[in-house]
Number of protein chains: 2
Amino acid sequence: MKKILHIIAEAPLFNGLAEDQLNQVRQISVDKFYDKGKTVFLEGDDCNGFYIVADGKVKIYKVSFEGKEHILHIYGPGNPFGEVPVFSGRKFPASAQTLLKSHLLFFPRTAFVDLISNNPSLALNMLAVLSMRLRQFTVQIENLSLKEVPGRLASYLLYLTEEQGRPDSVTLNISKGQLASLLGTIPETLSRILGKMNKQHLIEAGGREIKILDFRGLEDLAEYGKLQ
Amino acid sequence: MKKILHIIAEAPLFNGLAEDQLNQVRQISVDKFYDKGKTVFLEGDDCNGFYIVADGKVKIYKVSFEGKEHILHIYGPGNPFGEVPVFSGRKFPASAQTLLKSHLLFFPRTAFVDLISNNPSLALNMLAVLSMRLRQFTVQIENLSLKEVPGRLASYLLYLTEEQGRPDSVTLNISKGQLASLLGTIPETLSRILGKMNKQHLIEAGGREIKILDFRGLEDLAEYGKLQ
DNA sequence: CCAATGCCTTGACTTAAGTCAAAAAAAAAT
DNA sequence: ATTTTTTTTTGACTTAAGTCAAGGCATTGG
């Protein structure tokens, strides 16, 4: 377990705060520990605070009437989640579950709102975090409505190359089933598309290791969204 | 032209602010007038402020590589838009165009950030507005990925009954082509589905006036998302 | 009143992607 | 190592929704 103050200081949400402010943040945070596959909250639950991932991995998802699940986000260390109902309404708009044994920091609503009220730079950070989220959602909606699955997959692979800092190979850090859900499709379809991409020498997929053979081709696909 | 201070005071963003604070807000706002069909900003443009609709109607949209357009939102009087890049990045993540002759209030970035920094309740209002947006986006993503077009249309009609305060009839305030785009589909498909809904006596559509014949049936459709 | 433009609907066809079912492969447990 | 369980892939089939093309309807202006 890493030092909690360090985790807090590293989180974008608390970026640039002075030391005594970080200590105040630490004061109101509550440690929570979860095993793998545990529910943190369910859609519709009353919210009295939000979380930051200190260690582990959490998925945010929605479930359709027939029980089909769609993953909206997967968050790792440093990422906050569940902040929306802190400022609007009282209920979580989606559900959260751990994908790994996880250590979360919980920030109670009232204490946090007090902190923000007395701390303009924290308020601005929070605004920045929410704005970033909105930006990501805009992209996600664009992908879902304007692109077909191959295009969405290409975008995701390109995003991974960036995140992992290598342009020629990436490692999936979630199962293919989860990736399918994140892309708004099903495992069978994802599998078939990966197969096609292999055949066209865009990538070379071996399990969770994916070699990028044609970076430019993926970019085209992410733009155009057509794969023949 | 209505009194600008009145418009400002009515906007959710400035809800509950004291009178001198409202005056400060008024001080920094700049009036802008647009004819119908004019571009307010384009995706990727540098942002140095955001807007509130004083009068008229504005669509926020994205365009795919092939030129296909998807409407993300349509905003009317009192709604702010373009706030995202004020707090994150510098570029607009989508484009905005007027659907009617419109009067907009523009709030320059730096002046507004200053105002927020000295005004915790304004900061909290802004957080609430962004959170509400995120909530709506969550629903939109759920709709796009979990429901078929009939389900999305049913959701939209139910939303209209609520907004217009009548459970038995609604009026479309945008063209069917625009509605199709807002629902993430095309006019032909929308037309066919409206036809089917008529045939099944869920609704009775006559131009932009739509009678709701089977409210419960629409609710089922919005939940299940299947139309036979 | 009639042209003219833009908006909406209809029909025939295509296609991306979902469903169902089963096999294969990989991972976990004994 | 060998079961057991989970994940992934493959195949045959269905279906929702997109494309293309044509026709109808309605609103506006001459």
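Note that these values count all heavy atoms, side chains included, but never hydrogens, waters or copies made by symmetry. Lettering of chains follows the sequences in order, A, B, ..., and the numbering in each one begins at 1.
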Looking only at side-chain N and O atoms, does [X] come under 4.0 Å of OP1 or OP2 in [N]?
| X | N | answer |
| --- | --- | --- |
| B/Thr185 | D/dG18 | yes |
| A/Ser175 | D/dT7 | no |
| B/Ser191 | C/dT9 | yes |

Q) Can you check salt bridge (Lys or Arg N to Asp or Glu O under 4.0 Å) on B/Lys91 and B/Asp46, steps first, answer last? A) CA-CA 5 Å; B/Lys91 316 257 186 190; B/Asp46 273 317; 3.7 Å; yes
Take atom [atom1] of [X] and atom [atom2] of [N], then tell me their distance rounded to the nearest Å.
| X | N | atom1 | atom2 | result |
| --- | --- | --- | --- | --- |
| A/Leu144 | C/dA16 | CG | P | 18 Å |
| A/Ile193 | D/dT9 | CD1 | C1' | 14 Å |
| A/Leu190 | C/dA16 | CG | C1' | 15 Å |
| A/Glu148 | D/dA16 | CD | C1' | 14 Å |
| B/Arg192 | D/dG18 | CZ | C1' | 9 Å |
| B/Lys68 | D/dA17 | NZ | C1' | 11 Å |
| B/Ile186 | D/dA16 | CD1 | P | 15 Å |
| A/Glu188 | D/dT8 | CD | P | 11 Å |

**Q.** Closest nucleotide among C/dA17, C/dT9, D/dA17 to the B/Lys176 side chain
**A.**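 Of the candidates, C/dT9 comes closest.
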**Q.** ring pair (Phe, Tyr, Trp, His ring centres under 6.0 Å) involving A/Tyr34 - partner list, sequence neighbours excluded
**A.**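 A/Tyr34 satisfies ring pair (Phe, Tyr, Trp, His ring centres under 6.0 Å) with no residue once adjacent residues are dropped.
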Q) Is it true that atom CD of B/Glu209 has more than 12 heavy atoms of other residues, nucleotides or ligands lying nearer than 6.0 Å? A)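 Above 12, so yes.
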Q) Any side-chain donor-acceptor pair under 3.5 Å between B/Asp214 and B/His201? A)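 B/Asp214 vs B/His201: no donor-acceptor pair found between side chains.
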Q: Classify the side chain of B/Arg208 and the base of D/dT27 as holding, or not holding, a donor-acceptor pair under 3.5 Å.
A: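 Answer is no: no donor-acceptor pair is held.
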